[in-house]
Undergrad: 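This is the structure I want to talk about, given as structure tokens.
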Amino acid sequence: MVGHSNLNPEWVNYILGKEKYQDLDESVYGSLFIVTIHPNGDRTSQVLYFD
């Protein structure tokens, strides 16, 4: 999914079911949120930043 600085963290939080990420500053570009939903239902995430 591609989105805006305030949409991506909101969607990731929704998928995770918890408030883990805050809105990104408008000057931050190149953030890749990776969400994994495991077979047992656990959900994990990480963020990679590219310059």
Undergrad: A side-chain contact here means heavy atoms from C-beta on lying under 4.5 Å apart; do D23 and L7 qualify?
TA: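 They are not in contact (no side-chain heavy atoms under 4.5 Å apart), so the answer is no.
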Undergrad: Please enumerate all residues that pass side-chain hydrogen bond (donor to acceptor under 3.5 Å, both in side chains) together with K20, with sequence neighbours excluded.
TA: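 Listed in chain order: S45.
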Undergrad: Hey, is the main chain of V35 close enough, under 3.5 Å, to the side chain of R43 for a donor-acceptor pair?
TA: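 Not a single qualifying donor-acceptor pair exists.
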Undergrad: Please name all residues satisfying side-chain hydrogen bond (donor to acceptor under 3.5 Å, both in side chains) with E19, sequence neighbours left out, ordered by chain then number.
TA: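 Partners of E19 under the side-chain hydrogen bond (donor to acceptor under 3.5 Å, both in side chains) test: N13.
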Undergrad: Can you sort out the partners of Y14 under ring pair (Phe, Tyr, Trp, His ring centres under 6.0 Å), two or more places apart, ordered by chain and number?
TA: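 For Y14 the ring pair (Phe, Tyr, Trp, His ring centres under 6.0 Å) partners, ignoring immediate neighbours, are W11.
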Undergrad: When rounded to the nearest 0.5 angstrom, what distance separates OG in S31 from CG in L24?
TA: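 Rounded to the nearest 0.5 Å, the OG-CG separation comes out at 5.0 Å.
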Undergrad: Can you list the steps and then say if I37 with I15 is a side-chain contact (heavy atoms from CB on, under 4.5 Å)?
TA: CA-CA 9 Å; I37 302 174; I15 293 168; 4.2 Å; yes
Undergrad: Strictly by ring pair (Phe, Tyr, Trp, His ring centres under 6.0 Å), give each pair with a member in residues 32-51 just once, sequence neighbours left out.
TA: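 Output for this query lists Y21-F33.
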Undergrad: Does L16 belong to the same Ile/Leu/Val/Met/Phe/Trp/Tyr cluster as V47, with side-chain heavy atoms less than 4.5 Å apart forming each link?
TA: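 The answer is yes; both residues are in one hydrophobic cluster.
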Undergrad: Going by side-chain contact (heavy atoms from CB on, under 4.5 Å), name the residues that satisfy it together with Q46, two or more places apart in sequence or in a different chain.
TA: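 Expected list: I34, L48.
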